[in-house]
Undergrad: 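Pasting a structure below so you can have a look.
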Amino acid sequence: MPSHRVGQSGGTDMPSRPIVLGFSQLGSESDWRNANSQSVKEAAKEAGITLIFDNAEQSQRKQFEAIRSFIQQKVDVIAIAPVVQSGWEGILSEIQEAGIPVIIVDRTVDTADASQYVTLIGSDFYEEGQKAGKYVLDKMAASTGPIGIVELKGTEGSTPSIDRGRGFHDTITGTDKFVFLGSEYADFTHEQGKDKMRSLLYRLGGDIDVLFSHNDDMALGAIEAMEEYGLQPGKDIVIVSVDGTRKALEQLIKGKINCVVECNPLLGPNLMQAVNEIMEGRTLPKRIVTPESVFTEVTAEREISSRKY
Ligand code: AHR
C-alpha cells in the first residue's frame, strides 16, 4: 500500500490514489453497533475511500492488533471506536510516531495529550443520561415515593456507560423519593440484559419501579425477563432506554418501553467528511457532536416508518 506524507502545514498531502482509512470497530454487540458499522461502510463507498474494517469483538487487545496492522499497511488515516476509555496512550503514541492522523469515533479515550487525535465524532452521552433522568422525574412527579430504581449498565469502563450513568444520577440525585436499589453491567447485549434483569428481579422483586437501561438491546432482554417473572413491562416497571433502534421503538409503541433517548449510530458521513478534510490539510473542531432527540409513544409512531436500523 502506498505511503502518505505529512505536509508542512501539519495536514497530509492529498494522494493521487483513493484515500485509505483503517477503522477499528469495537464489536457487534448491539443493533446500534451494526447500524454504525453499516453506515461507515456505505459512507466510505459513497466517498470513494478505501476502507479497511476490523471488528474487535469487544476486545481492546484485538483493537491494538488491528491498529498495528493498519500502521504496517501505511494507511492514510486511522479511525478508532474504542471499547473502553483507558489504556490508549501507548498505542496512540505508536500511531503518532508513524505520522498517521487519528479520528476517535463514538466513545472517548482518556489521554493527557490531546494532540494524539485530531477529532472525536460522537454523541454527548452525559446529556443522554440527563434526558433519561428528566423523563423519570416527570413521569414520577405525582408519586410520593419511595421509588425504587435499578440500572442495567453497558460495558464496564466504556464512555457511554460511565457518562450515561453520571448524567442520570446527577439529574435524579437530590430528590429523596428515589432510591437506587441496584445496578449490573450487561455489556450492552440482549442476552446479558435478560440474565442480569432476571437476577435483579429475584433479588429485589416488587421493589423495582423504574429500570434505566443504558441501551435498547439490554432493555429488550430485560422485558423478556420481566414477562417471565409475571410482570408487565412499561406498567409495573417504567422502562427508559437509550439508542432508538426499530425494535425498541416497536416496544415503545406497544407500551412496553416508556421512553427511548436517541443515540445516533449513523456516523459514517461525518467520519468520511473528516477524513477528507484531514487529507486536504484543513483544521477540524476537536469535538463533533451529533444532534439527537427523545422518543415517546407518540413520536415513535412517526419515526418508525423511516427507521433503517
Ligand atoms: O457507544 C454507543 C453504545 O454502544 C450504544 O448505545 C450501544 O447500543 C452500543 O453497544
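Small disclaimer: the values here were computed from a predicted structure and weren't measured. As the structure lists them, so they are numbered: ligands from 1, and atoms in each ligand from 1.
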Undergrad: For Phe64 and Trp88, take the angle between the two ring planes, folded into 0 to 90°, and tell me which bin it lands in: parallel under 30, tilted 30 to 60, perpendicular over 60.
TA: perpendicular
Undergrad: Using distance alone, determine whether Asp217 and ligand 1 share an N or O pair under 3.5 Å.
TA: no
Undergrad: If the cut-off is 4.0 Å to any non-hydrogen atom of Glu29, which atoms of ligand 1 fall inside it?
TA: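 Every atom of ligand 1 under 4.0 Å from some heavy atom of Glu29: 4 (O), 9 (C), 10 (O).
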Undergrad: For the residue pair Lys41 and Phe53, would you count it as a cation-pi contact if the rule is NZ or CZ under 6.0 angstrom from the ring centre and within 45 degrees of the ring axis?
TA: yes
Undergrad: Between Asp31 and Lys247, does any NZ, NE, NH1 or NH2 come within less than 4.0 Å of an OD or OE carboxylate oxygen?
TA: yes
Undergrad: Provide the number and element of each atom of ligand 1 under 4.0 Å from a heavy atom of Ser30.
TA: 7 (C), 8 (O), 9 (C), 10 (O)
Undergrad: State whether Lys62 and Glu57 are salt-bridged, where the test is any N-O pair (Lys NZ or Arg NE/NH1/NH2 against Asp/Glu carboxylate O) under 4.0 Å.
TA: yes
Undergrad: So that I know where these two stand, are Tyr202 and Tyr229 an aromatic pair - ring centroids less than 6.0 Å apart?
TA: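 Centroid distance Tyr202-Tyr229: below 6.0 Å, so yes.
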Undergrad: Can you pull out the closest protein heavy atom to atom 7 (C) of ligand 1? Residue, atom name and distance to 0.1 Å, please.
TA: Asn215 ND2, 3.5 Å
Undergrad: Determine, for Phe168 and Lys134, whether the Lys NZ or Arg CZ falls below 6.0 Å from the six-membered ring centre while staying within 45 degrees of the axis.
TA: no
Undergrad: Distance under 4.0 Å to a non-hydrogen atom of Arg107: what atoms of ligand 1 satisfy this?
TA: 1 (O), 3 (C), 4 (O), 9 (C), 10 (O)
Undergrad: Would you say His214 has any N or O atom under 3.5 Å from an N or O of ligand 1, going by distance alone?
TA: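 No, there is no polar N/O contact under 3.5 Å.
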Undergrad: Hey, is Arg164 one of the residues with a heavy atom under 4.0 angstrom from ligand 1?
TA: yes
Undergrad: Could you identify the single nearest non-hydrogen protein atom to atom 5 (C) of ligand 1 and state the distance to 0.1 Å?
TA: Asp243 OD1, 3.4 Å
Undergrad: Any salt bridge between Lys256 and Glu250, counting N to O under 4.0 Å?
TA: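 No salt bridge links Lys256 with Glu250.
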Undergrad: Should you measure from each heavy atom of Asp106, which atoms of ligand 1 turn up under 4.0 Å away?
TA: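 Near Asp106, the atoms of ligand 1 are 1 (O), 2 (C).
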Undergrad: Using a strict 4.0 Å cut-off to heavy atoms of Pro160, name the atoms of ligand 1 that fall inside it.
TA: 1 (O)
